[in-house]
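Have a look at the structure below before the remarks.
A quick note: this is a predicted structure, and the numbers were derived from the prediction, not measured.
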Amino acid sequence: MKIAVTYENGQIFQHFGHTEQFKVYTVENKEVVAMEVIDTNGSGHGALAGLLADINADILICGGIGGGAQRALSQAGVTLYAGNSGLADVAVSKLIGGTLEQIADANCGHDHGEDHDCDDHDCGDHDCGEEKCH
């Protein structure tokens with residue numbers, strides 16, 4: 001199993017669409033057997049969901065995440081554990097131990113523009129209001 005975590009300085013990065021790195025854990029028999037930090041080389045939920053699919057990630061642990069990103073991850077077959085904070089290594093240990101919670105209301109909190117619905121398409125390549133969709 002591969003677990004990806006939005007990552008910055010040992011912590012779970014809190015804005016999925018703007019994460020610059022993932023820490024990826026390979027788990028076998030409930031033990032971490034390998035870890036690596038990878039650069040995202042892209043932004044927006046479409047690019048990031050594609051990257052996670054390309055590395056065969058089974059699970060994503062992150063902080064805040066928008067609805068479009070949640071759908072993109074679901075389509076890529078990635079199970080989401082959103083709304084988390086703190087040390088990435090601790091979150092992975094909790095997940096392996098069965099104690100990491102999935103928080104249903106982990107949507108991003110910024111405005112994507114009053115007249116723009118990011119749910120209709122992939123906003124990975126353009127701005128939606130003042131912030132990029134993720």
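- Expressed to the nearest 0.5 Å, how far NZ of Lys94 lies from OG1 of Thr99 amounts to 6.0 Å.
- Annotation: salt bridge (Lys or Arg N to Asp or Glu O under 4.0 Å) contacts involving residues 46-60, sequence neighbours excluded, are absent.
- Residue Leu48 is grouped with residue Leu60 when hydrophobic side chains (ILVMFWY) are merged at heavy-atom distances under 4.5 angstrom, including chains of intermediate members.
- For the salt bridge (Lys or Arg N to Asp or Glu O under 4.0 Å) test, residues two or more places apart in sequence or in another chain that qualify with Asp89 are Lys23.
- Checking side-chain atoms of Thr6 against main-chain N and O of Cys62 turns up no donor-acceptor pair under 3.5 Å.
- Using a 4.5 Å cut-off between side-chain heavy atoms of Ile, Leu, Val, Met, Phe, Trp and Tyr, Leu87 falls into a hydrophobic cluster with Val90.
- Taken together through direct or relayed side-chain contacts under 4.5 Å among Ile, Leu, Val, Met, Phe, Trp and Tyr, Ile59 and Ile12 form part of one hydrophobic cluster.
- Hydrophobic clustering, with ILVMFWY side chains joined whenever heavy atoms are under 4.5 angstrom apart, groups Ile61 together with Met35.
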Walk me through whether His18 and Phe13 qualify under side-chain contact (heavy atoms from CB on, under 4.5 Å).
CA-CA 9 Å; His18 294 278; Phe13 187 70; 4.1 Å; yes

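- Between Ile96 and Lys30 the shortest heavy-atom distance is CG2-O, 3.3 Å.
- Applying the side-chain hydrogen bond (donor to acceptor under 3.5 Å, both in side chains) criterion to Gln21, with sequence neighbours excluded, gives Asp39.
- Membership of the apolar cluster around Val37 extends to Tyr7, as traced through chained side-chain contacts below 4.5 Å between ILVMFWY residues.
- Under the 4.5 Å side-chain contact rule for hydrophobic residues, Leu52 and Ile65 share a cluster.
- In the hydrophobic cluster analysis, where Ile, Leu, Val, Met, Phe, Trp and Tyr join through side-chain heavy atoms closer than 4.5 angstrom, Phe22 is grouped apart from Leu100.
- Applying the side-chain contact (heavy atoms from CB on, under 4.5 Å) rule to Asn56 yields no partners; only residues at least two apart in sequence or on another chain are considered.
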Can you list, pair by pair, the side-chain donor-acceptor contacts under 3.5 Å of residues 75-86, counting residues two or more places apart and other chains?
residue, atom, partner, partner atom, Å
Asn84, ND2, Tyr81, O, 3.0
Asn84, ND2, Ala82, O, 3.3

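- In terms of the side-chain contact (heavy atoms from CB on, under 4.5 Å) criterion, residue partners of Glu36 (sequence neighbours excluded) are, by chain and number, Val24, Ile38.
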